[in-house]
Amino acid sequence: MATELSLSSRCAPDWLRRHPGKLLALAALLVWLAAGAPPRELFAPLLEWSPALVMGFALNILISLLAIGLGTVLGLLIGALNLSPLRLLRLPGRLWVQVFRNAPWLVLIYFTTYVFPFEIRVAGHYLPFPDWLKVTLGLALPASANVAEVFRGAVASIPATQWEAARSLGFGRGQILRTIILPQCCKRMLPPWMNLYAVITMGTALASLVGVHDLIDTAQIATNTVNRVGFTVLIYGCVLGLFFAYCYPISRFTRYLERRYAFR
């Protein structure tokens with residue numbers, strides 16, 4: 001009997017480490033039951049608001065995709081500047097990384113929201129510049145700084161002997177980067193890049209603070225309309241579930257890639 005208890009206690013931490021999602025779902029279920037399951041009449045307004053919640057979450061996903069796309073392109077350019085042998089080029093790149101990597105995301109979102117105009121004049125026509133696009137730019141700034149650091153770390157992880165061997169074969173610095181270093185950096189950058197995307201997705205919840213009609217804003221409108229405490233708990237539980245269902249598979253796939261490329 002003592003042996004069985006000892007074995008089970010040793011296996012428990014390993015099970016928790018391999019299945020954190022199941023543990024979180026079990027904990028949420030226990031909290032839900034302890035607080036008292038919401039009455040059935042609260043599910044009717046939830047079903048009513050479900051299409052609006054899904055549309056709001058779709059805007060969160062759109063913002064996250066555009067932010068990580070812009071941040072990746074800009075971050076690779078900044079990372080390339082940081083690798084330049086010229087100090088004049090490295091200095092602005094390092095300044096960019098230090099400023100936007102350590103700036104609060106909410107401050108950046110407020111900054112881009114109010115620094116850009118509500119309309120842009122193009123060829124005599126005024127085009128609207130929506131708030132959700134400003135939030136995208138606000139999230140793209142820290143994303144670019146983090147991507148630049150990921151790129152720098154990936155390049156630094158390549159053994160120096162590969163640079164020396166390539167130089168001995170007559171390759172130039174640009175050729176070494178394009179043909180030898182960058183192909184190896186891609187797989188090393190992928191796990192932290194995906195983890196950054198999951199963080200950016202969760203950061204899109206800040207968009208509601210500047211008037212963007214996203215998932216959080218839709219949930220707030222729904223709770224004010226129904227005006228019941230049980231419904232408020234239920235709908236924010238659904239909001240948490242939506243973010244978890246989207247970000248958790250990304251986290252699991254990131255861990256898989258880390259294990260796969262750990263020794264390559």
Side-chain angles (χ1 to χ4, degrees), residues 52-82 84 89-153 189 192-222 224 236 239-240 242-244 246-247 250-251:
L53 292 173
V54 171
M55 290 298 296
F57 189 55
L59 182 58
N60 286 89
I61 295 176
L62 177 62
I63 293 174
S64 68
L65 290 173
L66 292 177
I68 195 64
L70 292 173
T72 299
V73 173
L74 187 56
L76 292 177
L77 294 176
I78 299 299
L81 288 179
N82 290 336
S84 174
L89 294 178
R90 291 199 308 269
L91 184 59
R94 290 180 179 176
L95 183 62
W96 181 281
V97 170
Q98 292 301 321
V99 169
F100 292 115
R101 196 181 182 201
N102 298 296
W105 288 17
L106 184 58
V107 174
L108 293 176
I109 289 175
Y110 274 117
F111 174 77
T112 54
T113 299
Y114 294 110
V115 76
F116 290 108
F118 295 100
E119 294 179 329
I120 299 178
R121 186 175 181 178
V122 179
H125 299 280
Y126 287 93
L127 300 178
F129 197 3
D131 288 338
W132 68 267
L133 192 54
K134 297 176 185 179
V135 172
T136 300
L137 296 177
L139 292 175
L141 293 176
S144 66
N146 282 279
V147 168
E149 279 297 280
V150 169
F151 179 68
R152 184 193 62 80
M189 289 176 59
W193 181 88
M194 293 184 63
N195 184 60
L196 175 63
Y197 172 64
V199 174
I200 291 290
T201 302
M202 291 182 285
T204 59
L206 299 172
S208 62
L209 297 177
V210 292
V212 177
H213 191 56
D214 66 336
L215 176 62
I216 305 298
D217 188 63
T218 305
Q220 290 174 344
I221 295 173
N224 292 335
Y236 279 108
V239 169
L240 176 63
L242 283 174
F243 274 104
F244 178 79
Y246 186 78
C247 294
I250 298 175
S251 174

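Just so it is clear, the model here is predicted, and its values are computed rather than measured.
Trp105 places a side-chain heavy atom less than 4.5 Å from the side chain of Val199.
One distance of note links OG1 of Thr72 with OH of Tyr197; it measures 11.0 Å at 0.5 Å rounding. Here the CG-SG distance, from Leu242 to Cys247, works out to 10.5 Å after rounding to the nearest 0.5 Å. Here the OG1-NZ distance, from Thr112 to Lys134, works out to 8.5 Å after rounding to the nearest 0.5 Å. For the atom pair CG of Leu74 and CH2 of Trp96, the computed distance is 5.0 Å after rounding to the nearest 0.5 Å. Considering CD1 of Ile61 and OH of Tyr246, their distance stands at 4.5 Å, rounded to 0.5 Å. The distance from atom CZ of Phe151 to atom CG of Asn146, rounded to the nearest 0.5 Å, is 15.0 Å.
In terms of heavy atoms, Leu209 sits closest to Tyr110 at O-OH, 3.6 Å. Between Val147 and Leu76, the shortest heavy-atom contact is CG1-N, 4.1 Å. The two residues Arg94 and Asn82 come nearest to each other via the heavy atoms N-OD1, 3.0 Å. Here the closest non-hydrogen pair linking Asp217 and Asp214 is N-OD1, 3.1 Å. Between Ala143 and Ala67, the shortest heavy-atom distance links the atoms CB-O, 4.2 Å. Scanning all heavy atoms of the two residues, the minimum distance from Leu65 to Ile68 falls at O-CG2, 3.2 Å.
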Hey, mind stepping through Met55 and Thr218 against side chain to side chain contact (heavy atoms under 4.5 Å, CB included) and telling me if it holds?
CA-CA 9 Å; Met55 290 298 296; Thr218 305; over 6 Å; no
With side chain to side chain contact (heavy atoms under 4.5 Å, CB included) as the criterion, how do Phe100 and Ile78 come out once you've worked through the C-alpha distance, each side chain's angles and the decisive distance to 0.1 Å?
CA-CA 12 Å; Phe100 292 115; Ile78 299 299; over 6 Å; no
Test side chain to side chain contact (heavy atoms under 4.5 Å, CB included) applied to Trp132 and Leu62, step by step
CA-CA 9 Å; Trp132 68 267; Leu62 177 62; 4.1 Å; yes
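Other residues, nucleotides and ligands place no more than 12 heavy atoms under 6.0 Å from the CZ atom of Phe118. The number of heavy atoms from other shown groups lying within 6.0 Å of OH (Tyr236) is above 12.
Of the possible polar contacts, one joining the Asn60 side chain to the Thr204 backbone as a donor-acceptor pair under 3.5 Å is found.
For the side chain to side chain contact (heavy atoms under 4.5 Å, CB included) with Val212, the qualifying choice from Leu215, Val210, Ile216 is Val210, the only one to do so.
Annotation: salt bridge (Lys or Arg N to Asp or Glu O under 4.0 Å) contacts of Arg101 (sequence neighbours excluded): Glu149.
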